[in-house]
Amino acid sequence: MAMRISELAAFSGQEATIRGWLVSLRKGGKIRFLVVRDGSGTVQAVVRQEDAPTEVWERCADLSQEASLEVRGTVRLDQRAQGGVELAVRDLIVISDAADFPISPKEHGVDFLMDNRHLWLRSRRQAAILRIRSQIELFLQVELGRRGFVRVDSPILTPSACEGTTTLFETDYFEQKAYLSQSGQLYNEAAAAALGRVYCFGPTFRAEKSKTRRHLVEFWMLEPEIAFASLDDVMDLEEDLISALVRHLLKEAADDLVVLERSPQALLAAAQGGFARITYDQAVEVAVQAGQPVTWGEDFGSPQETAIAAAFDRPVFVHRYPTACKAFYMQPDPERPEVCLSVDLLAPEGYGEIAGGGQRIHDFALLRERLAQHNLPEDAYRWYLDLRQWGSQPHAGFGLGIERTLSWLCGLDHVRETIPFPRLLTRLYP
RNA sequence: UCCUCGAUAGCUCAAUGGUAGAGCAUCCGGCUGUUAACCGGAGGGUUGUAGGUUCGAGUCCUACUCGAGGAGCCA
């Protein structure tokens with residue numbers, strides 16, 4: 001079994017075999033340097049003409065970038081090598097050639113890189129993003145598990161719109177119409193009544209013709225839902241999770257953040273928690289002050305969101321939006337029914353809304369009234385109404401967009417780099 | 001759907017309306033420790049498509065195709 005490159009440093013002076021891909025080849029007259037990557041790290045393999053067998057020396061003359069290799073040699077600590085460790089090559093086998101690999105270490109345009117996304121993933125930067133994505137997904141789930149949350153997977157194929165707002169992908173379900181899920185929330189509410197604290201985590205689909213650096217057609221959302229919880233409980237949980245996540249990444253993903261040239265400085269405030277909680281009314285004031293006027297009652301546009309978030313050095317909660325601009329299931333504020341117990345979490349630096357949620361309507365009659373007001377078919381929501389008929393309870397939850405969160409944490413300029421194979425308005429390949 | 005910008009070598013980009021170039025990649029040669037290695041040489045083009053203006057179009061005009069960013073909508 002080959003050793004992983006990340007483990008090599010501990011075996012100085014010993015013989016080791018690694019398997020990986022050629023990142024670059026530098027040739028001198030009597031010495032050749034191969035940088036090899038195996039997913040755990042990269043290492044410089046040194047081939048000296050005087051030390052290596054002739055056939056190995058010759059084999060290294062025209063290796064192509066991304067050729068897959070098996071390299072055997074002696075592990076050596078050497079300050080001249082990047083990372084301080086290198087492999088003095090004794091034997092080398094080319095597992096598969098990679099002539100004319102399309103992606104060179106030089107610059108490429110977006111269109112070209114997206115067409116070659118399957119190969120682009122091999123680059124240092126993309127690999128770093130994918131590692132951080134994995135860490136985020138794991139960390140958040142472990143944290144929720146620690147707090148007694150049960151993961152309950154919600155369906156992807158659904159009979160009707162969850163919120164009745166955004167455009168859905170329609171598909172044929174044995175001569176019946178079905179839609180790709182845009183949220184697992186409604187099903188989560190059923191699960192919360194069974195298990196108290198639940199979350200779902202999976203892909204969601206929006207058939208909107210959005211074409212910006214913040215939009216994906218298919219994206220992943222983590223959606224906790226808590227029985228007997230209030231709006232404040234939800235904000236507490238969001239703040240705890242996000243700040244803990246930032247602390248975790250600053251510690252455990254430091255190397256990858258360096259690769260991404262993301263300064264830890266930008267995340268220090270968020271790591272401390274203490275996210276401001278302002279009302280929609282206050283947010284309107286902030287937007288107006290920043291020269292981005294809003295008509296009361298309307299949801300914020302992207303420029304307003306950016307202006308509001310720019311007033312804070314860490315994510316900010318905006319709560320109690322006008323009832324009219326939010327989904328039908330939002331619980332109205334008992335003290336002021338024209339606003340609802342909803343909350344959006346806006347990330348700093350123009351990354352916009354990364355989470356949205358709030359307290360759900362738990363009263364049967366009110367929910368039924370809202371369905372009618374929104375022209376939603378009661379038949380399709382029969383089961384959802386049932387939840388209010390038997391053992392209803394105040395409950396709340398939120399949905400956290402993984403890609404936007406990742407985009408902010410990594411300081412990326414487009415969400416397309418946060419997901420292995422992005423689905424965009426104009427792109428379904430590869 | 002709307003607005004703005006773009007499309008030239010495999011890739012990234014140059015080129016007053018007047019002979020289409022460079023860097024990287026590729027191929028050949030050189031170099032004893034390189035760090036996106038370096039040095040020398042070579043090959044590589046129906047300038048997105050279709051029309052138009054002009055003595056002459058990569059360049060100007062029209063339409064279309066594809067892409068990018070933004071608006072709306074949202075996480």
Side-chain angles (χ1 to χ4, degrees), chain A residues 23-35 42-51 57 61-62 64-66 76 78-84 86 88 98-116 119-120 123-124 162-163 165-168 182-185 203-223 238 298-306 325-327 343-347 350-357 398-408 413-416 418-419 424-427:
Chain A
V23 175
S24 70
L25 170 65
R26 292 184 293 270
K27 290 190 280 186
K30 293 176 180 172
I31 189 164
R32 284 165 188 169
F33 299 96
L34 286 62
V35 177
T42 59
V43 71
Q44 169 171 283
V46 185
V47 189
R48 285 164 162 276
Q49 189 173 25
E50 59 186 12
D51 297 340
W57 170 254
D62 57 353
S64 45
Q65 183 196 341
E66 288 303 318
R76 198 162 60 195
D78 192 316
Q79 284 309 309
R80 290 172 295 185
Q82 274 185 358
E86 64 181 23
D100 298 321
F101 186 74
I103 300 177
S104 70
K106 293 286 177 179
E107 286 178 21
H108 295 288
V110 170
D111 194 32
F112 177 80
L113 288 171
M114 292 302 292
D115 279 341
N116 291 284
L119 304 174
W120 187 21
S123 72
R124 218 162 106 82
C162 265
E163 307 186 9
T165 50
T166 52
T167 325
L168 300 175
Q182 60 172 342
S183 166
Q185 183 206 314
T204 54
F205 308 86
R206 306 275 165 96
E208 292 153 359
K209 299 207 169 178
S210 299
K211 200 166 138 50
T212 80
R213 68 183 73 193
R214 299 179 308 280
H215 287 89
L216 291 167
V217 169
E218 177 183 303
F219 66 96
W220 286 61
M221 196 153 59
L222 182 83
E223 298 178 274
E238 287 187 53
E298 309 228 313
D299 206 347
F300 300 119
S302 179
Q304 284 86 30
E305 266 185 11
T306 302
C325 72
K326 286 291 178 183
V343 60
D344 283 355
L345 182 62
L346 308 183
Y351 285 96
E353 185 183 348
I354 57 172
F398 67 93
L400 176 73
I402 293 297
E403 288 79 10
R404 282 193 187 171
T405 302
L406 183 52
S407 195
W408 160 55
D413 59 11
H414 201 301
V415 286
R416 66 183 159 226
T418 62
I419 187 165
L424 300 162
L425 181 58
T426 58
R427 196 173 289 280

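First the proteins, then the strands, lettered A, B, ... as listed; each starts at 1.
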Output the single nucleotide from [options] whose closest atom is nearest the side chain of [X].
X      : options                : result
A/T426 : B/rG72, B/rA68, B/rU35 : B/rA68
A/R416 : B/rG72, B/rG33, B/rG69 : B/rG69
A/R213 : B/rG67, B/rG69, B/rC11 : B/rG69
A/R48  : B/rU32, B/rG69, B/rA75 : B/rU32
A/S302 : B/rA68, B/rC74, B/rG33 : B/rC74
A/K30  : B/rC31, B/rU32, B/rU12 : B/rU32
A/R80  : B/rC73, B/rG33, B/rA75 : B/rG33
A/F33  : B/rG33, B/rU35, B/rG67 : B/rG33

Which atom pair, heavy atoms only, marks the closest approach of [X] to [Y]?
X      : Y      : answer
A/L216 : A/R416 : CD2-CA, 4.3 Å
A/E208 : A/L425 : O-CD1, 4.5 Å
A/S183 : A/E223 : OG-OE2, 2.8 Å

inquiry  = Tell me if a side-chain donor or acceptor on A/R214 pairs with a main-chain N or O of A/R404 at a distance below 3.5 Å.
reply    =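 No, because the side chain of A/R214 does not come within donor-acceptor range (under 3.5 Å) of the backbone of A/R404.
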query = Do the side chain of A/Q65 and the main chain of A/I103 share a donor and acceptor less than 3.5 angstrom apart?
reply =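 It does hold such a pair.
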Classify the nucleic acid contact of [X] as base, sugar-phosphate or nothing, counting any heavy atom under 4.0 Å across all strands shown.
X      : value
A/G352 : nothing
A/P102 : nothing
A/G28  : base
A/I402 : nothing
A/D299 : sugar-phosphate
A/E298 : nothing
A/A81  : base
A/Q44  : base
A/I31  : base
A/R124 : nothing

message = With the six-membered base ring of B/rA75 as reference, does the ring of A/F219 sit under 5.5 Å away with planes under 30° apart?
response =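 Yes, aromatic ring over the base.
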request  = Could you check if a side-chain atom of A/F101 sits within less than 4.5 angstrom of a side-chain atom of A/S64, using non-hydrogen atoms only?
outcome  =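 A/F101 vs A/S64: side chains apart.
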ask   = Hey, does A/M114 have a side-chain heavy atom less than 4.5 Å from the side chain of A/L424?
value =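 Yes, close enough: below the 4.5 Å cut-off.
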Roughly how far apart, to the nearest Å, are [N] and [M] at atom [atom1]?
N      : M      : atom1 : value
B/rC74 : B/rC5  : P     : 29 Å
B/rA14 : B/rA7  : P     : 8 Å
B/rA9  : B/rU49 : P     : 11 Å
B/rU47 : B/rU35 : C1'   : 37 Å
B/rA22 : B/rA15 : P     : 15 Å

What is the pairing partner of [N], taking Watson-Crick or G-U wobble pairs with both distances under 3.5 Å in any strand?
N      : value
B/rC13 : B/rG21
B/rG29 : B/rC39
B/rG58 : none
B/rC66 : B/rG6
B/rU34 : none

Check against side-chain contact (heavy atoms from CB on, under 4.5 Å), A/K30 and A/E50 = CA-CA 8 Å; A/K30 293 176 180 172; A/E50 59 186 12; over 6 Å; no
With no angle test and no hydrogens, is the base of [N] tied to the side chain of [X] by a donor-acceptor pair under 3.5 Å?
X      : N      : answer
A/R427 : B/rC66 : no
A/K211 : B/rA71 : no
A/Q49  : B/rU32 : no
A/H108 : B/rC11 : no
A/Q79  : B/rG33 : no
A/S210 : B/rC73 : yes

query = Relative to the 5' end of RNA chain B, which residue comes earlier, A/D100 or A/R76, by the nucleotide with the nearest heavy atom?
reply =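 Nearest nucleotide further toward 5': that of A/D100.
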task = Could you pick out which residue, A/E107 or A/R32, lies toward the 5' side of RNA chain B when each is mapped onto its nearest nucleotide?
result =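 The residue closer to the strand's 5' end, by nearest nucleotide, is A/E107.
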Below 4.0 Å: OP1/OP2 of [N] and any side-chain N or O of [X]:
X      : N      : result
A/R214 : B/rA71 : yes
A/T167 : B/rC73 : no
A/R26  : B/rU34 : no
A/S104 : B/rU12 : no
A/S24  : B/rA37 : yes

request  = State whether A/D111 and A/R427 are salt-bridged, where the test is any N-O pair (Lys NZ or Arg NE/NH1/NH2 against Asp/Glu carboxylate O) under 4.0 Å.
outcome  =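 The answer is yes: the pair qualifies as a salt bridge.
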message = Without decimals, in angstroms, what is the distance between A/Q304 CD and B/rG72 C1'?
response =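 It is 12 Å, rounded to the nearest whole Å.
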